[in-house]
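In this chain, numbering begins with 1 at the start of the sequence shown.
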Amino acid sequence: MDMDTPTDLPLFTKLYTLAQVLGILSVVLVGVWVGLYRGGFGWSAFPDLQFNWHPFLMVLGLVLLYANGALIYRGFRSERKRKLKVVHAVVMVSALVCAVVGLVAVFKFHDSKGFANMHSLHSWIGLATVILFACQWLAGFLTFLFPGLRSSLRAAYLPLHQYFGLFIFAGAITSTLLGLSEKAIFVQSVGSESVLVNVTGLCVAVFAGLVTYLLSQPKFRRQATEDEVLLTDTVLE
């Protein structure tokens, strides 16, 4: 078997494909929800619609993009490690930008309505997740990409980076599910809207379970190629 092939490629491919379908579906369902039931999107000129960017961008950034950034090394295992590092950093910073804009949208909405900020468990977990994500991205960029630390230091930091990666993803999923429930209760959604919100939350939850499984199984890990082993002191992926 090739060094770069997982021990159970057919299973990985099926689960990876299913996860992608559920992740994209989650984003689409949020867009349908705010489009059909909440009036669509707007910004400062339409403060009632400005809030709608918050759930959409958070699910797009902290759920779909973040998960795909974490899965880069396993989903595109045939690519060069250096290239994957760059793609990983770009996808993650894109997720972070989505999250920051989503936060700006909800804070501006609250200010325009005179609502209090940071009063719910959803907001506490959500903001803490975004802050930790920003710190994680910066630390990863400086450690693994530019300027990059010595191989021994990168190897020592890698398990911590991986742990906090999953921890942040768990925080994002928890905050997302709390936020969907909180908004549904606040607007008193019933009937088809309530069903749509619940289905969205279920898709997010199953997506999270699949992503966590794919990331936690050693048999799906990207193995270093012979060239990479020869060119580096320590295998980091």
Tell me the closest heavy-atom pair linking I125 and S175, and the distance in Å. CG2-CB, 4.0 Å
Is it possible for you to say whether V86 and F76 belong to one hydrophobic cluster, with membership spreading through side-chain heavy-atom contacts below 4.5 Å? yes
Residues that F164 engages under ring pair (Phe, Tyr, Trp, His ring centres under 6.0 Å), provided they are two or more places apart: none
Ring pair (Phe, Tyr, Trp, His ring centres under 6.0 Å) pairs touching residues 13-39, sequence neighbours excluded, are F12-Y16
Decide yes or no for T176 and V59: does some side-chain heavy atom of the first lie under 4.5 Å from some side-chain heavy atom of the second? yes
Kindly say whether the aromatic ring centers of F141 and W137 come within a distance under 6.0 Å. yes
Determine, using the 4.5 Å side-chain heavy-atom cutoff (strictly less than), whether L121 and F167 are members of one ILVMFWY cluster. no
About how many Å separate CG of L15 and CZ of F220, when rounded to the nearest 0.5 Å? 5.5 Å
Under 3.5 Å donor-acceptor, R74 side chain and L71 backbone: no
pair F51-P55: side-chain heavy atoms closer than 4.5 Å: yes
Contact between L49 and N52 at the side-chain level, heavy atoms closer than 4.5 Å - yes or no? yes
Quick one: closest heavy-atom pair of C203 and L29, and the distance? SG-CD1, 4.1 Å
To the nearest 0.5 angstrom, please state how far the CG atom of L64 sits from the CE atom of M58. 14.5 Å
Can you see which heavy atom on L145 is nearest to which on A89, and at what distance? CD2-CB, 3.9 Å
By ring pair (Phe, Tyr, Trp, His ring centres under 6.0 Å) - contacts of Y157 (at least two apart): F144, H161
The side chain to side chain contact (heavy atoms under 4.5 Å, CB included) partners of L149 (sequence neighbours excluded) come to T143, L153, R154
Search all heavy atoms of V91 against all heavy atoms of L65 and return the closest pair with its distance. CG1-O, 3.3 Å
So, for V211 and A19, which heavy atoms are closest and what is the spacing to 0.1 Å? CG2-CB, 4.5 Å
In terms of heavy-atom contacts, F169 and A67 come closest through CE1-CB, 3.9 Å
Residues in ring pair (Phe, Tyr, Trp, His ring centres under 6.0 Å) with F207, at least two apart? none
Restricting to pairs with a member in residues 56-72, which pass side chain to side chain donor-acceptor pair (under 3.5 Å), not counting sequence neighbours? Q20-N68
Joint hydrophobic cluster, V32 plus L22, side-chain heavy atoms closer than 4.5 Å: yes
Is it possible for you to say whether V21 and V204 belong to one hydrophobic cluster, with membership spreading through side-chain heavy-atom contacts below 4.5 Å? no
Here the salt bridge (charged side-chain N to carboxylate O under 4.0 Å, His left out) pairs for residues 17-44, sequence neighbours left out, are R38-E193
Does Y73 form a side chain to side chain contact (heavy atoms under 4.5 Å, CB included) with K85? I'd like the steps, not just the answer. CA-CA 8 Å; Y73 290 105; K85 285 183 179 182; 3.2 Å; yes
Starting at CD1 of I168, measure out to CD1 of I131 and round the result to the nearest 0.5 Å. 11.5 Å
Side-chain donor-acceptor pairs of residues 177-185 under 3.5 Å, sequence neighbours excluded:
from, atom 1, to, atom 2, distance (Å)
S181, OG, L177, O, 3.1
E182, OE1, S120, OG, 3.1

Taking ring pair (Phe, Tyr, Trp, His ring centres under 6.0 Å) as the definition, give me every residue that meets it alongside F41, ordered by chain and number, with sequence neighbours left out. W53, F56
Take atom CH2 of W124 as the centre, draw a 6.0 Å sphere, and report whether it contains more than 12 heavy atoms from other residues, nucleotides or ligands. no
Given the rule that I, L, V, M, F, W and Y join up when any side-chain heavy atoms are under 4.5 Å apart, are V27 and L202 in one cluster? yes
Spacing of CD1 belonging to I72 relative to NZ belonging to K83, to within rounding of 0.5 Å: 10.5 Å
Give the C-alpha distance, both sets of side-chain angles, the deciding distance and a yes or no for side chain to side chain contact (heavy atoms under 4.5 Å, CB included) between V130 and L96. CA-CA 7 Å; V130 174; L96 183 59; 4.3 Å; yes
So salt bridge (charged side-chain N to carboxylate O under 4.0 Å, His left out) across residues 48-60, not counting sequence neighbours, yields D48-K113
Hey, could you give me each pair passing side chain to side chain donor-acceptor pair (under 3.5 Å) that has a residue in residues 196-218? Not counting sequence neighbours. none
Please table the atom pairs, donor to acceptor, closer than 3.5 Å between any side-chain atom in residues 97-111 and protein atoms at least two apart or in another chain.
from, atom 1, to, atom 2, distance (Å)
H110, ND1, N117, OD1, 2.8
D111, OD1, N117, ND2, 3.3

